[in-house]
Structure formats: C-alpha cells, structure tokens
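Before any comments, here is the structure.
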Amino acid sequence: MINIRFPDGAVRSYAKGITPMAVAKSIAEGLAKKVIAASVDGVVRDASTPLNKDCELKLLTWDDTDGKATFWHSSAHLLAEAVESTFPGVKFWVGPAIDKGFYYDMDLGGRHISEEELLTLEKKMDELSKKNSEYIRKEISKTDAVAYFSEKGDEYKLDLLSGLQDGEITFYTQGNFTDLCRGPHIPHTGLIKAIKLTSIAGAYWKGDEKNKQLTRIYGVSFPNQKELDDHLLMLEEAKKRDHRKLGKELSIFTFDDDVGPGLPLWMPNGTIVIEELEKLAKETEQSAGYKRVVTPHIAKESMYLTSGHLPYYQDSMYPPMELEGVKYYLKAMNCPHHHKIFSAESRSYKDLPLRLAEYGTCYRYEQSGELFGLMRVRCLHMNDAHIYCAKEDFAKEFRAVNDMYIKYFKIFGIDKYVMRLSLHDPAKLGQKYINEPELWKETEEMVRQVLIDSKIPYVEVPDEGAFYGPKIDVQIWSAIGREFTLATNQVDFAQGRRFGLEYTNRDNQSETPLIIHRAPLGTHERFIGFLLEHYAGKFPLWLAPVQVKVLSISEKFNPYASEVTQALLKAGIRAELDDRGEKIGKKIRDTELLKIPYMFVIGEKEQNEGLVAVRRQGKGDAGQSPISEIITTLTSEIQQRHSN
RNA sequence: GCCGUUGUAGCUCAGUGGUAGAGCACUUCCUUGGUAAGGAAGAGGUCGUGAGUUCAAUUCUCAUCAACGGCUCCA
C-alpha cells in the first residue's frame with residue numbers, strides 16, 4: 001500500500017501501482033471523466049502513470065493551467081496525425097502548447113497549405129478525435145528510436161534525438177500517429193471536442209533565421225463547443241479594442257503610402273493626446289529636477305562612431321545622407337546629443353545629478369515585417385531623459401526613476417506590470433556587449449539592489465542587456481492581453497567614457513559620470529497605442545480629444561448651445577457644438593460612438609433656465625446642471641487627471 | 001528580411017473575362033424632433049501600382065508596393 005496526499009491535505013491509502021485515473025474513479029466517476037493529467041509530487045504526468053510510492057497527487061482537469069497545457073499539447077499531436085494522414089511524407093519538428101492554444105512546426109516539402117485545406121484538416125481532427133484513441137506512452141531505446149525515424153527519413157526528429165540519452169526517450173502513439181515526445185498527454189483524443197485551426201505561418205527551424213523555414217500551423221481547442229464559441233467571441237471583442245481600428249475610428253492617427261511605412265501621421269485628435277501626455281511629463285520632470293533640452297534630428301557619422309552605436313545598430317538606422325562629403329544619420333536615439341550638451345560646459349560635482357529631458361523624435365529603420373500599427377514604427381517620439389550622476393548617487397537616482405514609473409502607472413490605472421532586469425552574457429563581451437567585465441558585474445548588482453530595496457517585482461533575463469549596460473524593461477499588458485514593452489530604464493557606464501564626459505569632484509579630480517537612460521512613458525506611438533486598447537478608446541476626460549459635445553435639440557436652440565460651447569472653450573475645456581439638423585437621438589448616438597466623455601443636451605428647458613442637461617458617455621442621462629457648476633466640476637476632474 | 005494571406009468609394013464590404021455595386025459617412029432639400037440611427041435626392045472609384053496573356057482584364061499570370069497573421073529582430 002502507498003499513501004497519497006491530496007491538495008486539501010487528506011491522505012489516503014491505495015494499492016501500490018494504482019494510476020491517478022483509478023484514484024479519480026475511486027473518488028467519483030464524474031471526476032474521472034474530467035481528469036486530463038496528474039501532478040505527482042509537483043511533476044505533471046499521464047493520468048495512467050502507475051504510482052509506486054507515497055506521493056502528493058493533484059488530479060489535473062481543464063480548469064488547471066497545467067491541465068490546459070497538456071490538453072493543447074495533445075491537440076498538437078492530433079493536428080500532426082491529421083496532417084500526416086492528409087499529406088503523407090510530412091516531417092515534424094515540435095508541437096508545443098502555447099499561452100492560448102498550440103502549434104506544430106512541420107516541413108511540408110515545399111507544399112503550401114491553403115485556407116480551405118486548413119478547414120479540411122480541422123474536420124479531419126474532429127473525425128480523429130471521435131475515435132477516442134488513447135495516447136499510449138512507450139519507453140524506447142535510443143537505437144530503436146533512431147531506427148524508427150531514420151526509416152521515416154525524418155531528420156528533424158533525428159536532430160531532437162541526438163540531444164537525448166538512452167533511458168529518457170519515450171514515444172507517444174495515438175491512432176496511427178507516433179511521435180517522439182516526453183509527454184504527458186491526456187487519456188484519449190475524445191476529450192478534444194472543439195477545435196479551431198487559427199493560422200498558418202512560417203517559422204524558422206530552431207528560431208534561427210539562417211535555418212530553413214518550416215510551416216507552422218496554429219490552433220486552439222476546448223473540451224466543449226461553448227468554450228470555443230466564447231473564445232471566438234472574445235477574439236471578436238479584442239478586435240474592437242485593437243488600437244489600429246480605434247485609431248482610425250477616433251481619428252487619432254493614420255498612415256499613408258506616400259509618406260511611407262511605419263511613419264504615422266498624427267491627426268488633430270491624436271495630437272491633443274500627445275500634448276496632454278507631454279504636459280504631464282513636463283510637470284512631473286520639472287518637479288523631479290529635470291531640465292528640458294531640444295536637439296536636432298540628425299547628426300554626423302562621427303558622433304555615432306564616438307557613441308559606438310554605429311557598429312552595433314547601423315542596420316536599424318536609416319541609411320546616411322551625404323552633405324559636403326560628410327555622412328549624416330537620422331538619429332535613432334537621443335543620448336549622444338544629450339552627452340554633447342553635458343560636455344558643452346565644464347561640470348562640477350555640484351552640477352550633478354544633471355538630468356536632461358527631451359521628447360525626442362527618433363527614426364529607426366525597423367525591418368518591414370516588424371512594423372505593427374503604432375507599436376513598431378519608424379518615427380517615434382521618446383519620453384527620453386539622461387541622468388548624469390556620480391556613482392554614489394546612482395542608487396538614489398535609479399530609485400527615483402522607478403518611483404516615477406510607479407507614479408505614472410497609478411495615473412493611467414496600470415496595475416499589471418513586471419520589470420525585467422536584462423543582464424549581459426559574459427561569453428559575448430566584446431561582441432554584443434562592451435568589454436568591461438568588472439563594470440558589468442558592478443552595475444548589475446547596483447540595479448538589482450535597487451529593485452530589491454524598492455520591493456518592485458522583477459525577473460532577471462540573461463543576455464538581454466543593452467550594449468553599454470544592464471537595463472530594466474517594463475512589461476505591461478493591454479486590456480486585450482497584448483503584451484508591451486512600455487519603457488526601458490538603462491544604466492550606461494560606457495558612453496560617458498567614450499564621449500570623454502567629465503566632472504570635477506570634491507578632491508578637484510576629474511571623474512566620469514554614470515548615465516541613466518530612462519523613458520517611463522516609452523514613446524508616444526507605443527504608449528498611445530497601448531492607451532487606446534487599455535481604455536478601449538474611452539479616454540479619461542483629461543486626455544479626451546473632445547471633452548464635451550454640445551447637442552442642440554433643434555436648430556432653434558443653436559444660438560444658446562453655441563453660447564454654452566463658447567463658455568466651455570473659454571474655461572479651457574475642449575468642446576464642440578453639434579448644430580446639425582438631426583434629431584437628438586441621432587446626435588447622441590454619433591457622439592456615443594465617438595466615445596466623447598460628456599454630452600450637454602440643450603433644449604427649451606435648458607435655454608430658459610440657463611442650464612445644460614448632462615449626459616456621460618456610456619452612462620446615460622445625468623440630470624441638469626447650471627453651466628458654471630458643471631464647468632467647475634469638469635475643470636477639477638481634468639486637473640486631477642482622473643482615470644475613468 | 002523570411003513564410004503565408006489580403007488589397008474594389010472616406011469607412012465596412014458585395015461582385016464580374018465585356019471598363020462596377022450596397023450600407024455608413026459626405027453635399028443639398030424636406031422635417032424642428034427631449035437622451036443610441038426621421039425622409040428624399042445628389043456627388044464620389046482609371047477596382048493598390050506596373051507589365052504580360054486576350055478581340056477585350058478590376059477579374060487570369062508575373063512582378064512590385066502596402067497592410068495583416070506569424071518567424072527573426074527591437075539601443
């Protein structure tokens with residue numbers, strides 16, 4: 001007998017060799033039907049794994065994250081089975097579960113799969129799932145495994161096998177499909193009741209663009225049709241919040257073929273959002289001791305050679321233009337320009353920390369395939385600043401920057417974020433990273449300490465640093481679950497020296513300052529893209545391009561409505577008058593769709609009594625109010641930058 | 001940059017080997033209406049661009065540009 005402990009703490013005795021599935025059956029038949037896999041001492045295993053010693057057991061169902069992952073991984077095998085039966089001779093690479101679904105990478109030998117064929121595969125999967133084929137695990141020797149895939153001529157699986165040892169190789173078979181796989185899998189294919197193959201894409205073998213490109217089929221599956229329907233509905237909803245769609249509907253930005261890819265044109269509405277954000281940044285930075293600067297959009301090649309950017313990033317800069325025999329580059333970053341401002345005057349320790357801020361316009365030649373709405377563009381406006389400080393001030397300054405991030409997050413109601421501490425890889429010193437092993441270690445430790453001291457949640461990622469120092473990236477998620485790298489906060493111990501930046505310390509000696517690069521609001525492009533999705537286009541009052549729409553009930557009241565509009569404009573509120581000869585219902589509908597926060601309805605009653613009838617977007621009629629009173633209310637809401 | 005898909009009016013989208021349609025938006029007229037679409041008329045497109053096949057191309061073929069879904073990349 002063995003003792004099995006359950007998540008609720010209960011311990012029960014079972015015969016040695018019992019499987020999690022049998023345990024589930026002993027508890028309830030209904031439970032057994034739902035069991036997908038089992039967590040045994042924290043390791044996810046097949047529900048058919050014999051339990052031979054005391055253990056902690058958690059029966060996994062669709063409701064568990066690990067259960068879903070197993071379900072989707074098994075779905076990937078089902079996809080492979082369908083593909084193999086439809087297109088014999090296909091070679092498979094790997095088919096993992098992902099965040100929401102699964103994919104399988106395969107070599108179709110030059111064949112293309114069309115949208116219709118994708119539907120055929122989907123039907124085939126449905127058909128195969130109904131066979132209730134068990135996923136059967138088999139341990140196999142390396143020799144036999146190699147023989148099997150050699151016979152099949154599958155060099156991809158042979159490549160996988162080359163990294164495996166005897167004794168750790170298992171095959172899984174369901175129906176007519178056998179795959180090299182560590183598992184675990186669900187009990188049988190019949191559990192996969194609703195399947196949707198979502199897209200076909202190319203994917204480099206092993207993620208390396210030098211390698212051959214395989215065909216990747218993405219899909220998602222569920223234990224019942226309703227969940228699939230819900231999922232598809234959710235995708236539809238997500239589309240409505242897509243910043244590209246909202247940006248067009250709300251006239252925030254546009255792209256034009258003649259201007260060029262990745263070069264957004266900010267329309268009047270978008271420009272208002274930009275200006276409000278800049279106002280916020282300027283206020284915040286001014287009170288934090290920053291000084292504003294303005295620098296040109298281009299600079300000579302020599303400066304980027306000095307900074308060291310050119311050899312590292314030339315490919316992602318616009319090609320140079322030549323004037324009077326000298327090459328000029330469009331700036332892809334603001335730092336070198338700021339360094340030149342630092343070095344323009346002799347600096348004393350009394351000048352430090354010197355914090356130079358600029359909403360700098362940068363141009364980056366992103367590869368064409370990378371462009372994505374406002375999220376990846378070639379012209380961007382960075383909420384940039386560089387802090388020049390003595391080493392002893394570093395921790396304090398770095399922490400103040402982090403505090404500023406948090407302050408902004410509160411204003412925008414961003415409560416889900418993770419900071420990623422990106423470190424260097426010692427093996428790549430001198431190539432990807434500046435060859436200063438000691439400085440790397442030292443600054444990485446300083447940054448880590450600040451994060452620990454400030455109790456900010458963070459994860460460490462190796463080999464992701466900037467070439468001149470470690471950095472912190474802030475990951476946030478928009479309301480539709482899209483992940484953004486919003487902002488970066490970087491330490492730079494290299495450029496100060498490269499630019500010969502110096503200050504005189506207390507002992508009358510020259511020292512090179514440390515530099516902090518920071519951009520809490522990232523770029524206007526990415527941040528406004530994020531905000532559009534975050535707010536679903538319903539900007540809070542302070543950011544709304546049009547804050548109040550004044551709607552006259554009939555043309556008779558246009559003069560008074562116009563007076564109201566003027567009063568609002570005079571009070572600094574962005575108001576517009578709708579004096580069209582339309583009915584009030586129509587005007588309200590149009591304004592609602594434009595997601596304008598406030599509507600003032602003006603009719604006979606309002607005109608006679610000097611009132612406005614207030615209506616809040618999405619919330620309906622909010623009753624009447626005297627004009628002066630509502631102006632006071634709105635002004636205060638705007639000043640406080642209320643989130644919705 | 002690579003793989004795949006798409007490209008028709010300002011927007012959303014039908015459609016056809018014989019040089020084009022709808023709804024919304026726009027303009028004008030009628031209506032002056034109290035909290036999510038009143039009615040009518042009109043204007044608007046060399047069907048992304050270039051070449052080829054054809055008596056004839058928006059439709060078929062190729063190239064190119066752009067967008068989209070991924071991969072790679074992201075100071």
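Quick note on labels: first sequence line is chain A, next is B, and so on, each numbered from 1. Since this is a predicted model, take the numbers as computed values, not measurements.
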Look for any protein N or O under 3.5 Å of an N or O in nucleotides 25-29 of chain B and output each such pair with its distance, or none.
from	atom 1	to	atom 2	distance (Å)
B:A25	OP1	A:K586	NZ	2.5

Pairing string of RNA chain B (Watson-Crick or G-U wobble, both atom distances under 3.5 Å; | = paired to other strand) is (((((((..((((....[..)))).(((((.......))))).....(((((..]....))))))))))))....
Inset, instruction - Examine distances only and state if a side-chain atom of A:E592 and a backbone atom of A:G618 form a donor-acceptor pair shorter than 3.5 Å. - result: yes
In whole angstroms, the gap separating C1' of B:U35 from CD1 of A:I588 amounts to 3 Å
RNA chain B nearest-nucleotide lookup for A:G618 and A:S554: closer to the 5′ end is A:S554
Heavy-atom nearest pair, A:M333 first then A:H309, reads CE-CD2, 3.5 Å
| task | Sticking with atom C1', work out how far B:A22 lies from B:G45, rounded to a whole angstrom. | result | 14 Å
Hits for side chain to side chain contact (heavy atoms under 4.5 Å, CB included) against A:K471, two or more places apart or cross-chain, chain-then-number order -> A:S422, A:D473, A:Q490
query = Quantified in whole Å, what is the C1' atom distance between nucleotide B:U12 and nucleotide B:U6?
reply = 15 Å
Rounded to whole Å, CG of A:L263 lies from P of B:C65 at a distance of 16 Å
By ring pair (Phe, Tyr, Trp, His ring centres under 6.0 Å), A:Y312 pairs with (sequence neighbours left out) A:F467
From NZ of A:K587 across to P of B:G38 the rounded distance in Å is 12 Å
Are A:Y329 and A:Q314 linked by a side-chain donor-acceptor pair shorter than 3.5 Å? yes
Whole-Å distance, A:E555 CD to B:G33 P, equals 11 Å
Compare side-chain N and O positions of A:K248 against OP1 and OP2 of B:U12 and report whether any pair is under 4.0 Å apart. yes
*asked:* Could you tell me if A:T295 and A:K331 have a donor-acceptor pair between their side chains, going purely by distance under 3.5 Å?
replied: yes
*Rounded distance in Å between the C1' positions of B:U19 and B:A56*: 10 Å
Rounded to whole Å, the CG-P distance (A:L119 to B:U5) equals 14 Å
Using the P atoms only, state how far B:A63 lies from B:C2, rounded to an integer number of Å.
13 Å
Next item on the list: Classify the nucleic acid contact of A:K210 as base, sugar-phosphate or nothing, counting any heavy atom under 4.0 Å across all strands shown.
Entry: nothing
With no hydrogens and no angle check, just 3.5 Å: does a side-chain donor-acceptor pair link A:N269 and A:S251? no
To the nearest angstrom, the CG-P distance between A:L246 and B:U12 comes to 13 Å
Protein heavy-atom contacts under 4.0 Å, written 5' to 3' over nucleotides 66-75 of chain B as B (base), S (sugar-phosphate only) or - (none), form the string SSSBBBBBBB
- prompt: Base, sugar-phosphate, or nothing for A:I584, non-hydrogen atoms under 4.0 angstrom?
  reply: sugar-phosphate
Only one of A:W205, A:Y104, A:F92 passes ring pair (Phe, Tyr, Trp, His ring centres under 6.0 Å) with A:Y156, and that residue is A:W205
Main-chain N/O of A:A332 paired with A:Y365 side-chain donor or acceptor, under 3.5 Å:
no
| request: Assess A:R616 against A:Y598: is NZ or CZ under 6.0 Å from the centre of the six-membered ring, and within 45 degrees of the ring's axis? | output: yes
Inter-nucleotide C1' distance (B:A37, B:G33), Å rounded
14 Å
inquiry  = Under a 3.5 Å distance rule, please check whether A:Y560 uses its side chain to pair with a backbone N or O of A:N608 as donor and acceptor.
reply    = no
Taking the same atom, C1', in B:U31 and in B:U8, what whole-Å distance lies between them? 35 Å
When rounded to whole Å, the CZ to C1' distance for the pair A:R589 and B:A36 reads 6 Å
Residues passing the ring pair (Phe, Tyr, Trp, His ring centres under 6.0 Å) test with A:F394, sequence neighbours excluded, are A:F398
Practice problem: Please state the P separation for the pair B:G21 and B:C62 - nearest whole angstrom. | Solution: 29 Å
Rounded to whole Å, CD of A:Q617 lies from C1' of B:U35 at a distance of 13 Å
Self-check item: Nearest-Å distance once atom C1' is located in both B:G15 and B:U53
Solution: 23 Å
Notebook entry, point to check: Are any non-hydrogen side-chain atoms of A:S75 and A:I195 less than 4.5 angstrom apart?
Noted result: no
Determine the contact category for A:Q495: base if any of its heavy atoms lies under 4.0 Å from a base atom, sugar-phosphate if only primed atoms, P, OP1 or OP2 are that close, otherwise nothing.
nothing
